[in-house]
Asker: 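The following block contains the structure, expressed as structure tokens.
Quick note on labels: first sequence line is chain A, next is B, and so on, each numbered from 1.
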Number of protein chains: 2
Amino acid sequence: MFKVDNMHRPRSILLLPQHEHDPCSSCAARGYSVCSAIDDKDLGRLAATAIVRDIAKGETFIEEGDSASDFFNVTRGTVKLYKLLPDGRQQVTGFAGAGHFLGLAVSNTYAFSAEAIEPTRVCRFSRPKLRELLHDFPALEERLLQTACNELVAAQEQMLLLGRKTARERVASFLVNRLETAMPCAGPTDSVALPMTRSEIADYLGLTIETVSRTFSRFKAEKRITTPSNAEVVILDRPWLSGVAAGLQ
Amino acid sequence: MFKVDNMHRPRSILLLPQHEHDPCSSCAARGYSVCSAIDDKDLGRLAATAIVRDIAKGETFIEEGDSASDFFNVTRGTVKLYKLLPDGRQQVTGFAGAGHFLGLAVSNTYAFSAEAIEPTRVCRFSRPKLRELLHDFPALEERLLQTACNELVAAQEQMLLLGRKTARERVASFLVNRLETAMPCAGPTDSVALPMTRSEIADYLGLTIETVSRTFSRFKAEKRITTPSNAEVVILDRPWLSGVAAGLQ
DNA sequence: CGCCCTCTTGACACTCGTCAATATCGGTGG
DNA sequence: CCACCGATATTGACGAGTGTCAAGAGGGCG
């Protein structure tokens with residue numbers, strides 16, 4: 001019923017002319033973000049509603065507890081979503097790449113913070129304007145519900161990881177997951193880009209930076225992965241890593 | 001107690017003495033479940049679509065990985081939602097009481113299992129029928145989106161708990177949370193009902209049964225709670241517990 | 001080239017898990 | 001009503017996995 005294929009990118013978007021006055025039709029995320037629920041003919045309306053904004057690496061553009069006045073659609077770069085405890089402990093609840101929709105909330109305040117971890121571009125929608133859009137395009141609302149359901153499933157998987165998996169299993173899950181979701185067009189070389197730091201990985205997996213580092217080192221020593229650079233991991237033994245991620249071995 | 005399996009019987013022989021032709025208008029969950037998005041005048045339509053089913057304590061009525069053919073609305077009792085690892089490790093992702101909606105999924109298979117932890121009643125909707133309902137009642141779809149967003153917020157809070165809180169903070173969070181969400185009409189006596197076992201609490205908090213028990217005992221020794229029975233906790237010092245839950249003290 | 005930030009590695013400590021014994025609860029039947 | 005029994009919960013001793021603290025290595029960029 002809600003079958004969605006987020007990986008599908010129409011090839012035609014690459015051929016679209018660059019219209020300065022209509023950023024949506026040429027948007028890199030056009031094909032697979034929630035915007036794909038809107039027809040080309042209505043795209044002008046969408047472009048008029050959205051405000052494009054570039055966000056520098058390290059900038060926090062959503063602060064937990066702040067009044068939730070806007071919604072965002074990431075079109076370039078990567079964003080880390082996180083929650084903080086008063087003493088500074090941090091839990092990263094997810095990384096949002098191009099196509100991800102942020103700020104869906106019933107409440108009037110944001111339930112999490114969002115920080116760009118690399119140069120990022122977002123489309124901003126004010127709450128009233130998104131409400132109008134949802135009213136005028138039921139397909140958009142349906143698409144948002146699909147998105148929310150998918151995120152709910154991912155969140156439950158992450159609860160399993162945080163509550164019951166060992167450090168080894170968590171890191172393996174993270175790498176395999178990155179390969180599956182963030183790298184849609186993975187070729188024969190199972191290479192995973194890691195735009196985030198070890199510290200951010202640790203805060204995502206409920207571990208410390210040292211444990212993440214040690215686990216990477218062990219996987220390297222066991223010839224399961226190599227790390228050409230700190231921001232890149234090559235998976236040498238994907239079936240084995242998948243097994244560890246699932247709790248076997 | 002009589003156990004009824006309605007799965008393979010025509011609806012007409014359902015044992016509903018008082019409101020056989022319209023179970024919805026008298027439903028205990030009518031006011032606060034997703035059904036509240038539907039007007040009284042359309043309730044007959046809803047009743048005709050839903051199939052009421054009673055589920056015995058301990059019965060698993062959704063199995064992770066099974067074909068997701070139905071959606072459920074809990075109207076009585078409590079359900080535990082959980083995921084398993086191959087070796088038996090279990091993570092409870094939530095407890096669903098009256099009013100909760102289960103099975104929202106984009107995929108064709110369930111992403112979690114569901115087991116009744118006390119005598120439970122649910123309304124069952126087949127996938128195609130729910131789809132019809134969503135089409136005919138846009139307010140219902142909007143309501144489902146709100147519900148999904150709320151669950152997403154709760155899931156992120158749980159990730160913070162599982163990834164970064166200590167055992168003490170987890171148990172305190174659990175008790176305070178139960179008081180806030182499951183006991184809407186809490187009076188001067190801050191009494192929390194615990195329909196689940198210690199083991200299920202442990203699997204929800206990412207701990208062991210022993211750690212949960214020890215933490216309860218410590219709270220008791222510190223005069224923060226009392227336990228009239230294993231299924232009931234009285235909170236004596238709510239501000240202090242809230243502080244611990246938030247990561248202070 | 002050199003500074004600074006991030007990452008890696010090691011030694012040690014501590015929370016929480018494991019294993020085991022005992023106590024308590026709740027239901028059943030005499 | 002009480003005795004019995006299995007299931008569930010509590011408590012203790014101990015150990016393992018992961019966190020903490022600290023030092024050193026590597027990498028990027030002016």
Asker: Take the protein atom CE of B:M196 and the nucleotide atom P of D:dA9, then report the distance between them rounded to whole Å.
Answerer: 11 Å

Asker: Is the distance from the ring center of B:F72 to that of B:F125 below 6.0 Å?
Answerer: no

Asker: Let me know, please, whether A:N230 or A:T211 comes out on the 5' side of the other along DNA chain D by nearest nucleotide.
Answerer: A:T211

Asker: Between C1' on D:dT8 and CG on B:L194, what's the gap in Å once rounded to a whole number?
Answerer: 14 Å

Asker: What's the CZ-C1' distance between A:R214 and C:dT8, to the nearest Å?
Answerer: 9 Å

Asker: Can you tell me the distance, in whole Å, between the CZ atom of A:R198 and the P atom of D:dA25?
Answerer: 19 Å

Asker: Any side-chain N or O of A:S217 less than 4.0 Å from the OP1 or OP2 oxygen of C:dT9?
Answerer: yes

Asker: Would you please indicate if the ring centroids of A:Y82 and A:F112 are separated by under 6.0 Å?
Answerer: no

Asker: So do B:Y204 and B:Q158 actually touch side chain to side chain, heavy atoms under 4.5 Å?
Answerer: yes

Asker: Give the rounded distance in Å between these two atoms: CG of B:L207 and C1' of D:dA9.
Answerer: 16 Å

Asker: What integer distance in Å separates A:E200:CD from C:dC5:P?
Answerer: 16 Å

Asker: Can any side-chain N or O of B:T75 pair as donor or acceptor with the backbone N or O of B:R121 at less than 3.5 Å?
Answerer: yes

Asker: Within the 4.0 Å heavy-atom criterion, would you say B:S213 contacts the bases, only the backbone, or no part of the nucleic acid?
Answerer: base

Asker: Give A:S229 one of three labels, base, sugar-phosphate or nothing, depending on what nucleic acid heavy atoms sit under 4.0 Å from its own.
Answerer: nothing

Asker: Please tell me which of the listed nucleotides, D:dT18, D:dC21, C:dT8, lies nearest to the side chain of A:E210?
Answerer: D:dC21

Asker: Write down the distance between CZ (B:R89) and C1' (C:dT18), rounded to a whole number of angstrom.
Answerer: 14 Å

Asker: Ignoring the backbone of A:I209, work out which of D:dT18, C:dC7, C:dC25 is nearest its side chain.
Answerer: C:dC7

Asker: Among C:dT18, D:dT10, C:dC16, find the nucleotide with the atom closest to the side chain of B:K220.
Answerer: D:dT10

Asker: I'd like to know if A:E222 and A:R218 make a salt bridge, using a cut-off of under 4.0 Å between side-chain N and carboxylate O.
Answerer: yes

Asker: Expressed in angstrom and rounded to an integer, what is the separation of A:I201 atom CD1 from C:dT6 atom C1'?
Answerer: 12 Å

